[in-house]
Amino acid sequence: MTNLAKLAEIVDEASRTATAIPQLTIANPELGPDDGYAIQALAMARRYARGERRVGMKMGLTSRAKMIQVGVSEMCWWRLTDAMRVEEGGVLSRSRFIHPRVEPEIAFLLKKPLSGDVSAMEAMAAVEAVAPAMEIIDSRYKDFKFTWADVVADNSSSSAFFIGQWSPPDLDISNRGLVMEVDSRPVQVGSTAAILGHPVRSLVAAARLVAKWGERLEPGYIVMAGGATAAHPLSVGQYVRTSMRGMGSLSFTVGE
Ligand code: OOG
Ligand code: MG
């Protein structure tokens, strides 16, 4: 039988020490996505034991651009902790990561719990605020290559995130133009509509997916809807900025 706790230790250590590892499914071809989620939960317990605190959840692979970039066409999710949040406008330390990439996202702040099958209207009624966001993804696997089971086991590549200014939830977020720039040069241009046609669908999916694992989205949680465009590789010295029409912009600098 596969030792899931051992595999959780391997991905967690790879993440903690920023060291690339071979895909888990190479040595363990029997692993499926449900095993990936079991590994993820065990890896999460290790983070809690180190003092990290749960602050929300991220959805991944919710836009076509993202699915095509990594060659996996199923959604994935992961639990966010306080240690992953970096202050907007701050410095992201490159040495914490293996081969980091940045992607533009949209974030929801919840004021009510959500779990199971909910409608888009019910999901929005649980939202306190919405904000432009950026996620730093850093697959622990060599060459950023993985299967669905691998990526789920590895935090869904999650490693850090930035949140911009919160707006009230009645703002129409269905089709907000966005530009992600590196050193004032646009590297990705897109729209929030790329996220499942409307980012609220990602929140609806998030409520459904956590329920499968006996969890709910809690008041105060941040839920990241997933990259609206392909991700862009990061290197030391870059100044990265994402602007979302009518929602302001957020930025960071890549340090050593
Ligand atoms: C997987 C994580 C996907 C997103 O927003 O789609 C993700 C990856 O691209 O490495 O975070
Ligand atoms: Mg993402």
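Remember, it's 1-based here, ligands and their atoms both numbered in the order they're listed. Keep in mind that what you see is a predicted model, and the values were worked out from it rather than measured.
- For the Mg ion (ligand 2), protein N, O or S atoms closer than 2.8 Å were enumerated as Glu103 OE2, Glu105 OE2, Glu135 OE1, with waters left out.
- More than 12 non-hydrogen atoms from other residues, nucleotides or ligands lie less than 6.0 angstrom from CD of Glu13.
- Between Phe144 and His99, the ring-plane angle classifies as tilted under the 30° and 60° cut-offs.
- Arg101 and Ser139 share no side-chain donor-acceptor pair at under 3.5 Å.
- With hydrogens and angles ignored, the 3.5 Å screen pairs no side-chain donor or acceptor of Glu135 with any backbone N or O of Val102.
- In this structure, Ser243 has no side-chain hydrogen bond (donor to acceptor under 3.5 Å, both in side chains) partners at least two apart in sequence or on a different chain.
- Taking the side chain as every heavy atom from C-beta outward, Ser249 and Met244 never approach each other to under 4.5 Å.
- In this structure, a donor-acceptor pair under 3.5 Å is present between the side chains of Ser95 and Ser93.
- By the 6.0 Å contact criterion, CG on Asp183 is enclosed, its count of non-hydrogen atoms from other residues, nucleotides or ligands being greater than 12.
- Residues meeting the side-chain hydrogen bond (donor to acceptor under 3.5 Å, both in side chains) test with Asn155, sequence neighbours left out: none.
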Pairs of nitrogen or oxygen atoms, one from ligand 1 and one from the protein, closer than 3.5 Å: please tabulate them with distances.
from: ligand 1; atom 1: 5 (O); to: Glu103; atom 2: OE2; distance (Å): 2.7
from: ligand 1; atom 1: 5 (O); to: Glu105; atom 2: OE2; distance (Å): 2.9
from: ligand 1; atom 1: 5 (O); to: Gly227; atom 2: N; distance (Å): 2.7
from: ligand 1; atom 1: 6 (O); to: Leu61; atom 2: N; distance (Å): 2.7
from: ligand 1; atom 1: 9 (O); to: Lys66; atom 2: NZ; distance (Å): 2.7
from: ligand 1; atom 1: 10 (O); to: Ser157; atom 2: OG; distance (Å): 2.6
from: ligand 1; atom 1: 11 (O); to: Lys58; atom 2: NZ; distance (Å): 2.6
from: ligand 1; atom 1: 11 (O); to: Glu103; atom 2: OE2; distance (Å): 2.9
from: ligand 1; atom 1: 11 (O); to: Glu135; atom 2: OE1; distance (Å): 3.0

